[in-house]
Amino acid sequence: MNEVTVTFAQIFTNGTFLAILGAAAAVFLAGAGSAKGVGIAGEAASGLIAEEPERFGQAILLQALPGTQGIYGLLTAFMILNKIGLLSGNIAVSSAEGAMLLAAALPIAFVGYFSAIAQGRVSASAIGIIAKRPEDLAKGITFAAMVETYAVLALLASILAVNGITIQ
Amino acid sequence: MIVKMSKLSIAGLMSERSAVVRRLMKIGAVELSEVSMSAQERERALGIASFDNAEKRIADIDGELRKIQEAIAFLTAAARECPSASGGKRPSAALSFDRFVDSSAYAGIWEKVFEVNGLHKRVTAKKTELNALKNDAAFLTVWENLQTPAALAGTETTAFLTGAVPRGAEAALLERLGETGLAVADTVSADKEQTRLFIAFHRSAEAAVAEILQESGFSRVSFGGRQGTVAENIAEVRGKIQIAAREIAELTKVSAGKYAWLPEIERLYDYIYNMRERRKARGNFLKTETAFLVGGWTPADCAERVKREIEGEFTARVAVTPPEEGEEPPVLLRNGKLVYPFEMITEMYSLPAPGGMDPNAAMSPFYWLFFGLMLSDAGYGVLLTLFCALALWRLKPERGAMMDKMLKMLAFGGVSTVLWGAAFGGWFGDLSAQVFGKAVSPLWFDPNSDPTRLLIWSFILGAVHLFAGMGLNAYLMIRDGKWLDALFDVGLWYAALIGAAMLLLGGKFAEVGKYTAMIAAAGLVLTQGRAEKGILKKLMTGVLSLYNITGYISDVLSYSRLLALGLATGVIAQVINQLAVLPGGLKNAFTVTALIIILLGGHLFNLAINTLGAYVHASRLQYVEFFGKFYQGGGRAFAPLRAKLKYLKLQ
């Protein structure tokens, strides 16, 4: 059997690898952030539900909010994979193109990670609001949505960048 | 529109008070409050009159409500366990209000509640007994193989012991007992924690055996004076379990047979609950032995009717006055069919201040547009509208209730979603292209291939929204006679922003835009510090005010979420479609089944998560960007005394 040796340098200059790395980073960073954020909010929600089970509907709404970053990450990953034709089996990406796609994934990867955790905390404290004043749910949601703005902006930057890169 | 409120004060006879309160509840358009008086007047009034202290009675009523709820819950559970005996639920007929508040209509229902709760108590006691028996059975079962009678402690010369040692200790124990020559042991049963032993020994070896047992961690088990063998006892306990279970089943059946009482008991609940509401309202009555005086609010167009009805029927006087300066009437909104569901968005933020403006008419078209743009898939729009219409039809929520507004708002939002989705060619993402190989062409353009174009449109829509908000602010200032403020604070910013936009766009208007913006900026520097004292401070504040341009820029940028969330829906829908055709698309029955399952689950998930996103972010754009420009909240909702029904329907 002929063994083909591939050096690290070759891997890290492989355009396809770099593009997939970008897609992976978008998913795992934004997703990890969302997992943490939803977890934080979920703990607070469970505490509330133990006392007042009828607030479940409101609590689940707040818990879902930090979950969007993970979806944004997946979305960006999908756009990258689509761009390089990985899903249609037609891959030919130069190193420079791969590096550009990796860079394009960074906004949603990092902002997604940090904003989801921060949003999880805000959601958790918003659950504190509805524990005392259920009629003020919208205010809590608004506070959480303020955080999400930056994830949306990062998503937009990533989308526009991925869209703007042309693969030869 | 904020409904104009009138202030009421009603004076009448104590003997008619209950009837008056009942009538006000029937009218359902009066919020009772203490009659308004100055501190001095109040002190004088309290010298000759007093307020009701209804708290004790309300606490009693709460206790009664709990009893009724217990009966309702028990009957419902019993009917679920034993549906054949329940005979199904009989619908309760709609009742007239007068009949509803007539106490004689409830004769005999309390007895039924007590009987049901009595049954509940008996079932609970039987269930406790059953649990104890089951515990006994579990305990005895592990000793089933013990041959000697449970109570037998030995003979004249030998002693019997039963007990358990930790698993693994029994071998050494048996060996040591054997060494004494005067003791035998038999394993009765064993599990992974314990080994249970029967030990017989000669009484002369008692001390030696006791020592061995103690050292091996033996713990005695006694059967608490049970007669006969363990196996006999088990049979007896099992018999008792059967009897208890049968008794519970019978009691449950009897209880389920009382299910026909449920409508009556529910009616009683509503009656007592509304009695509580009336009691609470009574706390506002200033009363003497013979007369009462109470204040209240009612929509101005209802005031005459209230006056006529109360004065016509009772020995009472009703004075209707407009609210006095500085008084804050409660706020009631009234809007047309299309706008009123969106009141929910404003209500969740804060009701307008009584002298303020109802923002709903201006807000709802934007909310509608933005919601649809963010969900932006025609297929999802159709589904959402259908779901909401179906829910409205099935649940029939009361008009004005939260559920009613929300469902209608989402149904309208669904229509907007269909329009935007058709414009962008999104019908469940690219479902048609993936499955049937035929793409639906967009009526306008496909934002996936040209996101920048939609981004620009998002900013344009955002700018229109912001300008509308600023315009409303100007309107409010002009309404209050401050037209110069409107010119300086809104007019100049309009000019500056429009000028800057023209400059940025370039072309032949760039020059015009440049000078417009410069003149407006100069105007802002000169006017924005007008509240300050001293020329230097005025100028500084004026210059610093130009920094607000960053606020406007970030406001506009915020509308990029319209594009981002719209694209998110479409792209996730595409992912779902691609996943769904992976097994093979329309090849055979198996792949078609997989296709349908993935499509159903995936698109429903996407619809749910993106509807939440569209709702949250469309709200945010109103709360932060739009309301921030002009809106003054802080109003208190109008809460008239009216029948609040959980189970009944009134005619």
Side-chain angles (χ1 to χ4, degrees), chain A residues 27 34 38 57-58 60-83 86-88 107-108 119 123 126 130 133-164, chain B residues 344-351 374 402-403 406 447-452 454-455 458 554-555 557-576 578-579 581-582 605-606 608-613 615-625 627-628 633 637:
Chain A
V27 173
S34 273
V38 172
Q58 295 190 327
I60 193 100
L61 199 71
L62 285 167
Q63 199 202 351
L65 292 179
T68 36
Q69 280 85 345
I71 297 174
Y72 297 161
L74 176 73
L75 195 157
T76 309
F78 178 79
M79 288 188 73
I80 291 174
L81 298 181
N82 223 6
K83 192 94 193 170
L86 194 77
L87 301 171
S88 46
I108 189 57
Q119 198 180 3
S123 291
I130 59 168
R133 307 170 55 88
E135 67 278 12
D136 279 344
L137 170 68
K139 286 166 193 157
I141 291 179
T142 310
F143 289 141
M146 297 299 285
V147 183
E148 183 158 324
T149 300
Y150 303 97
V152 173
L153 294 180
L155 170 68
L156 193 70
S158 286
I159 288 181
L160 291 177
V162 172
N163 215 288
Chain B
M344 179 196 137
I345 303 298
T346 309
E347 278 162 14
M348 287 193 121
Y349 182 78
S350 175
L351 279 171
M374 284 191 272
M402 191 63 140
M403 177 71 78
M406 182 142 96
N448 279 311
S449 56
D450 192 2
T452 326
L454 184 54
L455 184 62
S458 299
S554 73
D555 277 351
L557 287 180
S558 177
Y559 289 84
S560 62
R561 77 189 69 230
L562 295 176
L563 162 70
L565 290 167
L567 278 187
T569 318
V571 175
I572 296 169
Q574 285 176 23
V575 177
I576 294 162
Q578 293 194 358
L579 286 178
V581 294
L582 275 186
F605 166 77
N606 194 23
I609 198 91
N610 277 294
T611 304
L612 175 64
Y615 157 71
V616 166
H617 286 278
S619 300
R620 179 226 133 100
L621 287 175
Q622 309 302 333
Y623 294 162
V624 181
E625 273 77 15
F627 284 177

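A, B, ... follow the sequence lines: proteins, then strands. Residue 1 opens every chain. What you are looking at is a predicted structure, and each value in this text was computed from that prediction instead of being measured.
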- Message: Do Y72(A) and V571(B) have side chains that approach each other closer than 4.5 Å (heavy atoms only, starting at C-beta)?
- Response: no
- Query: Between N163(A) (side chain) and N448(B) (backbone), is there a donor-acceptor pair under 3.5 Å?
  - Reply: yes
- Query: Taking the side chain as C-beta and beyond, is there a heavy-atom pair between Q578(B) and N82(A) under 4.5 Å?
  - Reply: yes
- Message: For M79(A), which atoms come within 4.5 Å of any heavy atom of chain B: side chain, backbone, both, or neither?
- Response: side chain
- Item | Side-chain heavy atoms of P451(B) within contact of L160(A), under 4.5 Å | yes
- Message: Counting only heavy atoms not in M348(B) (residues, nucleotides, ligands), do more than 12 fall under 6.0 Å from its CE?
- Response: yes
- Which heavy-atom pair separates K139(A) from Y349(B) by the least distance, and what is that distance? CE-O, 2.7 Å
- Query: What part of I345(B) lies closer than 4.5 angstrom to a heavy atom of chain A: side chain, backbone, both or neither?
  - Reply: neither
- L74(A), T68(A), L65(A), I71(A): which one forms the most heavy-atom pairs within less than 4.5 Å of chain B? I71(A)
- Task: Heavy atoms only, distances under 4.5 angstrom: which of L156(A), I159(A), T142(A) has the most pairs with chain B? Name it, please.
- Result: L156(A)
- Are E148(A) and H617(B) close enough, and set up right, to give a side chain to side chain contact (heavy atoms under 4.5 Å, CB included), and what steps lead you there? CA-CA 9 Å; E148(A) 183 158 324; H617(B) 286 278; 2.9 Å; yes
- Query: Quick one: CD1 on I572(B) to CG on L75(A), what's the gap to the nearest 0.5 Å?
  - Reply: 5.0 Å
- Task: Heavy-atom distances under 4.5 Å only: say whether L557(B) touches chain A with side chain, backbone, both or neither.
- Result: backbone
- Please look at S560(B) and chain A and tell me whether the side chain, the backbone, both or neither of the residue comes under 4.5 angstrom of a heavy atom of that chain. both
- Message: Applying the side chain to side chain contact (heavy atoms under 4.5 Å, CB included) criterion to R561(B), which one of L155(A), V152(A), L153(A) satisfies it?
- Response: V152(A)
